[in-house]
Amino acid sequence: MPEGHTIHRIARQFSANFVGRRASVTSPQGRFAVGAAELDGQQMTDARAVGKHLLLQFGGDWLHVHLGIYGAWDFSGEIRSDASLYLVGGKASEHTAAGADGENEDSLHSIGAPRKSRVRMGERETGAALTTWPPEPVGQVRARILTETTLADLRGPTVCEVIDDDGVTALIQRLGPDPLAPFETHAQAQRRFVDRLRRSRQPVGQLLMDQSVVAGIGNIYRAEMLFRARMSPHRPGAKVTVEEAESLWRDWVRLLKIGVETGLMLTMSGLRGKAKQDAIDNREDRHWVYKREGLPCRVCGTAVSLETMQQRKLYWCPSCQQ
DNA sequence: CGGTCATGCGGAG
DNA sequence: TCCGCCTGACCGG
């Protein structure tokens, strides 16, 4: 159940451990047998994330994967997965050191030499010692990508298909800006988001979840961003000022960066000491409003509201967010 | 151990 | 507007 930060982490895993290598591609489960055969034996030439979409290039073919609500990748073998892999920009944010061992606690702390390891990404990242190589598929493995030393198993995706360059172009075209996708300048991306948001009369809570407005935000980041902005999810996009919209964009850039670097959706930045550690250790201490319905708002004490918007749960503080 | 629910989408109708 | 996906965390008995 990943939001955009997870897909960027997965893309970085592929970049570090699969790109430039010839791969065997199969579908142990069988449902992707035809597509797998098209890719089998080719070299992986690129790996990138756009919003919640993963794109793995094999020459002129692209493997397009969307994890949906419970898809996940299992990585195993000689996987390099140290914190530096996830640095956005070159300089670690203040959150990296403290948060880097959150969900991927047993995955490889081997900063330096690669070692046998197993990393789960998507739901969470865990590790376990390997005994045989390659390991038997566990459960329904839709796609298996195997190099001489590394393995990635895909399970439960919503989308797993082979597309061509035109398909990639079409996909990118229907998606809103992603701060970490290099298809436009930062200024262009921000302008695209601001214009699209303010041109709509739909509620901003709905617009932030709309992947054609901004790619990568999901239900948790949506709720948390609106609280951080003290903005009601029901405010029409057209009633959001330019300054407010730009501020929302900048906040998303910041949260996404923290998410990629730490693997955690740390939305209460600025915490120190015990509160900060609690946010890293326990999900229930991690958010302002998400999954806190009925509990007192951390700022004003008003009970956090829960309602349904577009079939998704929306959490917000009716007092703080206007 | 069974039931519920979830960080989400595509497609049927 | 609802269903499928068919995993895995969590919770109550």
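Letters A, B, ... are given to chains in the order of the sequence lines, protein chains preceding strands, and every chain is numbered from 1.
Residues that satisfy the salt bridge (charged side-chain N to carboxylate O under 4.0 Å, His left out) test with Arg222(A), not counting sequence neighbours, are absent from this structure.
Under a 4.0 Å N-O distance rule, the pair Arg155(A)/Asp153(A) does not qualify as a salt bridge.
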**Message:** The test is side-chain hydrogen bond (donor to acceptor under 3.5 Å, both in side chains); show your working for His287(A) and Thr267(A) and say whether it passes.
**Reply:** CA-CA 6 Å; His287(A) 304 302; Thr267(A) 56; 3.2 Å; yes

**Prompt:** Passes salt bridge (charged side-chain N to carboxylate O under 4.0 Å, His left out), Glu293(A) versus Lys313(A)? Steps please.
**Reply:** CA-CA 10 Å; Glu293(A) 72 275 22; Lys313(A) 288 185 173 180; 5.7 Å; no

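We find that CD1 of Ile163(A) is positioned 14 Å from C1' of dG10(B), with the value rounded to whole Å. We find that CZ of Arg9(A) is positioned 14 Å from C1' of dT7(B), with the value rounded to whole Å. One interatomic measurement links the two molecules: OH of Tyr221(A) to P of dA6(B), which rounds to 19 Å at whole-angstrom precision. Distance Met225(A) CE to dT7(B) P: 17 Å, rounded to the nearest Å. Rounded to whole Å, atom P of dT7(B) lies 15 Å from atom CG of Leu208(A). Rounding to whole angstrom units, NZ of residue Lys291(A) and P of dC5(B) are separated by 11 Å. Distance, Leu154(A) CG to dT7(C) P: 12 Å, rounded to whole Å. Atom C1' of nucleotide dC5(B) and atom CD1 of Ile220(A) are separated by 13 Å, given to the nearest angstrom.
Here the side chains of Thr149(A) and Trp133(A) are not in contact, with every heavy-atom distance at 4.5 Å or above. Between Val289(A) and Gln321(A) there is a side-chain heavy-atom pair separated by less than 4.5 Å. Between Arg144(A) and Val25(A), every side-chain heavy-atom pair lies at or beyond the 4.5 Å cut-off.
The side chain of Lys52(A) contributes no N or O atom lying less than 4.0 Å from OP1 or OP2 of dT7(B). Between Arg222(A) and dG8(B) there is no side-chain polar atom (N or O) within less than 4.0 angstrom of OP1 or OP2. Not one side-chain nitrogen or oxygen of Gln140(A) sits closer than 4.0 Å to the OP1 or OP2 atom of dT7(C). Side-chain N/O atoms of Arg155(A) include none lying less than 4.0 angstrom from OP1 or OP2 on dC6(C).
Val162(A) pairs in a side-chain contact (heavy atoms from CB on, under 4.5 Å) with only one of the listed residues (Asp61(A), Leu56(A), Val34(A)), which is Asp61(A).
Taking atom C1' in both dG10(B) and dG8(C), one finds a spacing of 22 Å when rounded to whole Å. Only the P atoms considered, dG13(C) is 15 Å distant from dC5(B), to the nearest whole Å. Going from the P atom of dC11(C) to that of dT7(B) covers 16 Å, rounded to whole Å.
Side-chain atoms of Glu3(A) lie closest to dG8(B) of the nucleotides dT7(C), dG8(B), dC5(B). For His66(A), the listed nucleotide lying nearest its side chain is dC9(B); candidates were dC5(B), dG8(C), dC9(B). Comparing atom distances between the Val159(A) side chain and each of dG10(B), dT7(B), dT7(C) picks out dG10(B) as nearest.
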List, with names and distances, any nitrogen or oxygen atoms from the protein found under 3.5 Å away from nitrogen or oxygen atoms belonging to nucleotides 11-13 of chain B.
none

What pairs of nitrogen or oxygen atoms, one from the protein and one from nucleotides 2-5 of chain C, lie under 3.5 Å apart?
{"unit_1": "dC5(C)", "atom_1": "N1", "unit_2": "Tyr70(A)", "atom_2": "OH", "d": "3.0"}

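Ring geometry, His64(A) versus His53(A): the interplanar angle falls under 30°, so the pair is classed parallel (tilted spans 30 to 60°). Ring planes of Trp288(A) and Phe227(A): parallel class, angle under 30° (limits at 30 and 60°).
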